[in-house]
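I have placed the structure first, in the form of structure tokens, so that the comments after it can refer back to it.
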Amino acid sequence: MDLETIKDDLLSVADSGLKYAQNKLPDAEIELYLSQNNSIIVEIQGGMVIARDALYSGTAVRVYNKRKKSFACTSGTSLENIRSTIDEAISISDSISYIDERFKSLYTPNGKNPSIEGIIDPNIQQLTSKSVGEEANKLVQDSKIDPRIISIYGSRQVSYGAFAISSSSGTNSASRYTINVGEVTAVAKEGNKQNSAFDFCVTRNVNDFDLSTTGLTASKKALNLLNSKSLNKSDILPVVWDSISASLYLKTALDAPISGKNVVEGSSYFADKIGDLIAVKSLEVVDDGQLPEAMTTNAIDGEGAPSQKTTIIDKGMLKSYLTDSYYGHLLDMETTANSKRIANPAYEGLPDISSNTLSVKPSSTQSFEKIIQNIDYGVYLTGFLLGIGHTNPVTGDMSAVSPTAFLIEKGEIKYPLEAINIAGNIYKSLKNIQTIGSDVNLTPFGVKTPSLVVDGFTVTG
Amino acid sequence: MDIDLLQESTNKLEGKINADFIEMRYDDLQLRTLLKENNNWKEIQSKRRKGIAVTTYLKGAMGFSSTPVLTEEAIIEAGIRAFKVCQISAENSTIDLSFSAEKPIVGRYSLDYIKRHPKDVELSEKTDLLERGMAIARESGGKDVTNVKGLYGELYGDKLFTNSEGSKLEYDFVITDLRFTVANRGVDGLVTGSDGYGGSVGFETYNNGYSPETLAKNAGIWSKEQLQAKAAPAGDLRCLAEERLVGVLAHESFGHLSEADFIVSRGSPLTDRIGEQIANENVTIFDEGTPDIRKYGGLYLPFDDQGSKTSNTVIIENGILKGYLNTRGTASYFEDQRTGNARAINFTFPVIPRMKNTYLKPGSMTDDEAIEELKEGIYAIRTSGGQVTESGDFLFKAMRGYYVKNGEIQYPVKEVSLSGNILQLLKNIEGGTKNLELSSGYFGGCGKGDQYPLPVGLGGPKILFSKVRFGGLSGKKNQSNVQMNF
């Protein structure tokens, strides 16, 4: 696979497939999604190496035959595979009687200018499995700084590829990506205490990729957590979220209620609230589908609409939902190009609605140091939270555990805490954001955010 | 793709690379999902996973590649790629998982006990199956029903395997699954009830006790029951766990800790403990490949994805840890048996140790005796899964259950969480009922790393525990990435 030609290659095959399908069902609406991906992945756990290097590909077909919907997919993008998948999709649509009255049409291009793909670095194709393996090994070796580090997981991945969408409504576009990933998780143990911590580097190019301190940082964090003490209280306390935990916070607080699908299906907390104040006035959030360095940036969304930036929250007011063309019709709005194929592999699922990069406008004055100094008693969360994914998307009730939190006392970060529980209503908490920091950071979780201070959650430890 | 072409490709590849060992597997798997929600067909999806996985070995390390293109040229190219990355693996690995060649295994295996293979059943008959249950589910759920879902899933196809020993295997893989869920609006919010059945069973299974009418009716009744259910008391209580919950406990909490890669990396609390008494004498846990499906249900897995014949592996016998769940490499490393636990979710993934059908050995009580013996506590039933940490701390939710006092059922309880440490829990087993039930299916499955969902089987008898912690979050550290969604 060659990054220079991959888009044309995929579009050409897709075009043949589309013609075959239209020949069989001239009046149907038909969409083909093809993807190809080249990945080298080397993982090292406890001295064992799992190394893979392969070319992955797949095809997905959606058929709307007189509004009867069907979906079929297959591994591989050969014309033979495409044809048999089209046949399967057609035979499904013949068998079912359900008509989707709400379906208007597949996404129809309207002459919008093409959007940017995001950073594409062809040099990524020159990375060899040898260098990938050596870097994975170095990550692990760099982590071995202390005999209390009992277990290390290191992983290095290089991926590049493209997807193409061709449809009977005129879509005929493609988008590429190049991704470079390195991550380490280190487990530290002393006596009865055992903690783990991670660090990573994720870029779209080769030059900005730097693993020189990753292994060391993961181990240092893990070792530091061995000093954890119990919080020993349950109280409403200010919570400082670092950019990683804030990424989870923001996605959990926004993704579900701003999805056009959830608004239409009746499960959105922010339904009928466009124009209302849903957050503190200083909060400004944009869904940025065009941020060049973000992993989530593509030229087109999952149904071929050109990616764009959409203002979600401005001065604390809800400005827009995120939608695809199907729910856009039902909401009487244009698609915001937020259709995404979130299955893994992407071709195995129907498009759903998802944000690209939720980008929070940072303050110009609230540095991280200043934020901490202004807190008399509170907690500082870093890393992941367990259970935040089980937040009730309808009500917003959240109860999550942070195993990597720190105590803030009299303006200083004092010591790490044993696992604490953070609970409360995450949607209501948007109005309790006390401070937005200036230390903005793009995380690989689809969020670009500074540290945030939220007061109102019950913290228990 | 036929087995001879696969074998020829293996032989050709051997001539081109200097590997110690080569494995090639081919899957041509068809997956279908049918979902009806209220009056709408929400989803009818069809997926095909067809391709070849090549694994090469050198000095005890492995390198992997795959291709969806079935020409000899593409297969060889994948093999060369796999070997190139294998050499890198060998340079960076510090654990030697090499294994020696053994006698080749040659054979062709099909599921003869299946009367109606899903590939021979028309789509319309499958949609009918769901239709039959939908109205019944709504009716038996009562007047407050807000949502009814019916799901049918199937996964079937051919699996071929060859290796440089000359093994030539062909076998069928079949899973079908039927389930219904009913949601009811109660005073405190939505409550749900569901019932379903699945495993390596033919379409003929979905009648009598597993007919859509029966499953749908149960889903409705149990959903309605949840409206009257009270919160289970929190704290340490006696517990009778139903068969599927027992299965998930066995799998999620214990099975994963026995997977040999966790042992090799020394992350499992069962490391170095073979021969130790880690549970009561009445605890025996199996991980079996080919249980009697007609009698017990479950997943039929005659071979793993390294061509090892699956054994009925005894993990714990009378409380003593006997062995791990191995791939060929770990079996060699531990001088242990080849157990047939090397599995990959599809052809694009390399094998890692995974489970087969994991279950506790039945005891001697009848169901009535078990409730009597419970005396006072919770009879916990079914689960939608849970999570376990590397140290064996678990958290599950039982979907429904009953509060028992004086050996009699008193009232239904709401969904309740069970938590604790599995090694401790195994010490609390007092006994089990007589009958073994295994469950498996298409929806959900086992997750490990990025290989989710893998179909597995699990079960046991009903088990009586002297003590289980109910309610509350366990709030533990070091959450591992294993998750069950069953």
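Each chain gets a letter, A, B and so on, in the order the sequences are listed, and its residues count up from 1.
Ser46(B) contributes no side-chain N or O that, together with a main-chain N or O of Cys73(A), makes up a donor-acceptor pair within less than 3.5 Å. Side-chain atoms of Ser75(A) come within 3.5 Å of backbone N or O of Lys50(B) as a donor-acceptor pair.
No side-chain heavy atom of Thr85(A) sits under 4.5 Å from any side-chain heavy atom of Arg48(B). Between Leu55(A) and Thr67(B), the closest side-chain pair of non-hydrogen atoms is not below 4.5 Å. Ser129(A) has its side chain within reach of Ile88(B): a pair of non-hydrogen atoms, C-beta onward, lies under 4.5 Å apart.
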- request: Quick one: do Met48(A) and Val264(B) satisfy side chain to side chain contact (heavy atoms under 4.5 Å, CB included)? Show the steps, please.
  value: CA-CA 8 Å; Met48(A) 288 181 292; Val264(B) 171; 3.6 Å; yes

message: Assess the residue pair Ile50(A) and Met62(B) against the criterion (side chain to side chain contact (heavy atoms under 4.5 Å, CB included)); give the C-alpha distance rounded to whole Å, side-chain angles, the decisive distance to 0.1 Å, and a yes or no.
response: CA-CA 7 Å; Ile50(A) 295 184; Met62(B) 64 74 93; 4.2 Å; yes

message: Pair Glu88(A), Arg32(B) - check salt bridge (charged side-chain N to carboxylate O under 4.0 Å, His left out), show working.
response: CA-CA 11 Å; Glu88(A) 174 78 10; Arg32(B) 281 197 190 85; 3.0 Å; yes

task: Could you check Leu123(B) against Ile92(A) for side chain to side chain contact (heavy atoms under 4.5 Å, CB included), going step by step and ending with a plain yes or no?
output: CA-CA 8 Å; Leu123(B) 180 58; Ile92(A) 292 174; 4.3 Å; yes

query: Step by step, would you call Gln45(B) with Leu350(A) a side chain to side chain contact (heavy atoms under 4.5 Å, CB included)?
result: CA-CA 9 Å; Gln45(B) 288 195 13; Leu350(A) 286 164; 3.5 Å; yes

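Heavy-atom pairs under 4.5 Å with chain B were tallied for Thr185(A), Asn344(A), Thr74(A), Val132(A); the largest tally goes to Thr74(A). Of the residues considered (Ser151(A), Ala51(A), Gly133(A), Gly349(A)), Ala51(A) shows the highest number of contacts with chain B, using heavy-atom pairs under 4.5 Å. Between chain B and the residues Gly46(A), Ala54(A), Ala72(A), the largest count of heavy-atom pairs under 4.5 Å involves Ala54(A). Taking Ser66(B), Gly63(B), Gly51(B) one by one and counting their heavy-atom pairs under 4.5 Å with chain A, the maximum is reached by Ser66(B).
Proximity to chain A involves both the backbone and the side chain of Asp261(B), based on heavy atoms less than 4.5 angstrom apart. Heavy atoms of Val85(B) lying under 4.5 Å from chain A belong to its backbone as well as its side chain. Both the backbone and the side chain of Glu348(A) come within less than 4.5 Å of a heavy atom of chain B. If you measure heavy-atom distances from Arg49(B) to chain A, the contacts under 4.5 Å come from both the backbone and the side chain. Only the side chain of Ile352(B) comes within contact range of chain A, with heavy atoms under 4.5 Å apart. Residue Ser124(B): no heavy atom, backbone or side chain, is found under 4.5 Å from chain A. Residue Glu122(B): no heavy atom, backbone or side chain, is found under 4.5 Å from chain A.
The CD1 atom of Ile40(A) sits 10.0 Å away from atom OG of Ser65(B), with the distance rounded to the nearest 0.5 Å. Taken to the nearest 0.5 Å, the CZ atom of Phe71(A) stands 9.0 Å off from the CD atom of Glu43(B).
Shown here are the side chain to side chain contact (heavy atoms under 4.5 Å, CB included) partners of Ala218(A), two or more places apart in sequence or in another chain: Val184(A), Ala186(A), Asp199(A). Taking the side chain to side chain donor-acceptor pair (under 3.5 Å) definition, one finds that Glu77(B) meets it with nothing, sequence neighbours left out.
More than 12 heavy atoms of other residues, nucleotides or ligands sit less than 6.0 Å from atom NZ of Lys126(B).
Chain B is approached within less than 4.5 Å, heavy atom to heavy atom, by Tyr56(A), Ser57(A) from residues 56-66 of chain A, ordered by number.
Screening residues 33-61 of chain A for salt bridge (Lys or Arg N to Asp or Glu O under 4.0 Å), with sequence neighbours left out, gives Glu43(A)-Arg52(A), Arg52(A)-Asp450(B), Asp53(A)-Arg81(B).
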